[in-house]
Amino acid sequence: SGTTMDLTVLADCEFRAEFPGARSQHVSPRWLKEMKEANTISLGTIVLTSPKENRSETRGEPAISKQARNAYKKGGSALADGKWDEAKGEFEKAVALQPTYYSAWMGMGLAEEALDRVPDAEEAFQKALKLRPKSPYPYLSMARLEAKAGHWDQTEEYSEAALGLDPRNLVEGYSLCAMANVKLQQPAAAASSARAGLRLETASEYPDLWLSLALAQAADKQYAKAAASLEEYLKLVPQADHIPEVKVELAGLRAHFRQ
């Protein structure tokens, strides 16, 4: 359209790419402080790497055909663009050509999840898990599905299984596990999971870690600590829809520890 924008507000943001079966580095374009009039931006190259579990578990698996790999790439691109049905179709092509294509099954699960087809998403993740039983990502994805459905026992089970396989990288796993334990009225376990997640590099991407920690601390009557945790949560999600309710809860916690 030719319309220009003030992009300086993005200078303190971190960007990363998403693609099924890959992990992205973070990019912080501080140079955007100078971009006051622009209609497009370039972030340069964002490097995607395959997790170690992908490289180790592919030994002994059949080579992926060029046609299946191309379908997978198209599916990943469609997924990144929010074209869920198109992504699903491409991943279906990939697994039809290569039924043992782990990453394509994971991609299909993500597409089905985005389309709110939970049983189909879970089926795809289960197939991925059978192909690589030592991969944490199918477990993590199934934990996310169960959390959305409010099935907290299963959320805890799947998230703990994922964390048992990769305790150093899965911030989302700790976030899901912490919230599940809050809902199951297990504050000690919830606090432990939340703190473990907060020690990881990408913790800021999962503000609910602070919320779970606050709820666990409040359940243990650690009102001052709970208030401090809620304040950290508010810093990360100042515009969330439920912030008025959180602020009311924060005021109540402050009243408790001032008594």
Side-chain angles (χ1 to χ4, degrees), residues 15-27 42-148 154 157-159 161-173 176 202 205:
F15 297 82
R16 64 188 177 106
E18 290 192 2
F19 200 77
R23 185 175 295 148
S24 166
Q25 68 173 177
H26 289 242
V27 173
S42 173
L43 298 175
T45 300
I46 300 179
V47 178
L48 288 163
T49 58
S50 296
K52 290 181 179 179
E53 59 88 15
N54 277 4
R55 292 193 293 273
S56 63
E57 290 204 9
T58 53
R59 295 170 187 167
E61 291 183 5
I64 304 300
S65 70
K66 182 178 179 181
Q67 295 91 331
R69 194 177 297 279
N70 285 340
Y72 168 73
K73 289 179 180 178
K74 289 179 182 177
S77 296
L79 199 66
D81 290 338
K83 299 175 182 178
W84 316 127
D85 282 310
E86 182 180 332
K88 177 192 172 186
E90 293 296 338
F91 291 131
E92 284 178 334
K93 290 178 188 177
V95 298
L97 291 163
Q98 197 96 28
T100 58
Y101 202 163
Y102 162 85
S103 294
W105 282 114
M106 286 298 297
M108 190 185 299
L110 293 172
E112 297 283 21
E113 180 182 354
L115 290 164
D116 289 326
R117 297 171 182 164
V118 175
D120 293 331
E122 185 167 6
E123 182 181 355
F125 293 138
Q126 288 282 6
K127 287 182 177 179
L129 182 62
K130 287 180 181 178
L131 290 169
R132 294 193 190 168
K134 293 183 180 179
S135 170
Y137 299 104
Y139 285 117
L140 181 64
S141 297
M142 289 187 290
R144 188 171 60 246
L145 290 177
E146 297 294 354
K148 289 178 181 177
Q154 293 93 327
E157 178 184 347
Y158 284 136
S159 60
L163 292 168
L165 290 165
D166 185 357
R168 297 182 179 180
N169 297 296
L170 303 182
V171 184
E172 184 182 9
L176 289 166
T202 56
E205 295 178 16

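Predicted model only: the values in this text are computed from it and were never measured.
Atoms CD and OG, on Q126 and S141 in that order, are 11.0 Å from each other to the nearest 0.5 Å. From E86, atom CD reaches atom OG of S77 across 9.0 Å, with rounding to the nearest 0.5 Å. K66 contributes atom NZ, which lies 13.5 Å from atom CG of L97 (distance to the nearest 0.5 angstrom). T202 OG1 to L170 CG: the interatomic distance, rounded to the nearest 0.5 Å, is 9.0 Å. Residue M106 holds its CE atom at 9.0 Å from OH of Y137, rounded to the nearest 0.5 Å. With rounding to the nearest 0.5 angstrom, the OG atom of S103 is 12.5 Å from the NZ atom of K73.
Residues forming a side-chain contact (heavy atoms from CB on, under 4.5 Å) with E90 (at least two apart in sequence, or on another chain): A71, K74, K93.
Looking at every heavy atom in both residues, A161 comes nearest to Y139 through CB-CD2, 3.7 Å. Across all their heavy atoms, L165 and P133 have their closest contact at CD1-O, 4.2 Å. Between Y102 and A128 the shortest heavy-atom distance is CD1-O, 3.4 Å. When all heavy atoms of A87 and G75 are compared, the pair lying nearest together is CB-O, 3.5 Å. The heavy-atom pair separating A104 from V95 by the smallest distance is CB-CG1, 3.6 Å. Across all their heavy atoms, R144 and L176 have their closest contact at N-CD1, 3.8 Å.
Looking at L140 and Y158, their side chains never come closer than 4.5 Å, going by heavy atoms from C-beta outward. L110 is not listed as a side-chain neighbour of W84, based on a closest heavy-atom distance of 4.5 Å or more.
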(request) Evaluate the side-chain contact (heavy atoms from CB on, under 4.5 Å) criterion for residues W105 and T100: first the C-alpha distance (whole Å), next the side-chain angles of each, then the deciding distance (0.1 Å), finally the verdict. (result) CA-CA 8 Å; W105 282 114; T100 58; over 6 Å; no
| Under the side-chain contact (heavy atoms from CB on, under 4.5 Å) criterion, do E112 and L145 qualify, and how do the steps go? | CA-CA 11 Å; E112 297 283 21; L145 290 177; over 6 Å; no
For K127 and M108, what are the C-alpha separation, side-chain angles and deciding distance, and is it a side-chain contact (heavy atoms from CB on, under 4.5 Å)?
-> CA-CA 10 Å; K127 287 182 177 179; M108 190 185 299; over 6 Å; no
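Within 6.0 Å of the NZ atom in K148, the count of heavy atoms belonging to other residues, nucleotides or ligands exceeds 12.
A donor-acceptor pair under 3.5 Å links the side-chain atoms of Q98 to the main chain of A63, judged by distance alone.
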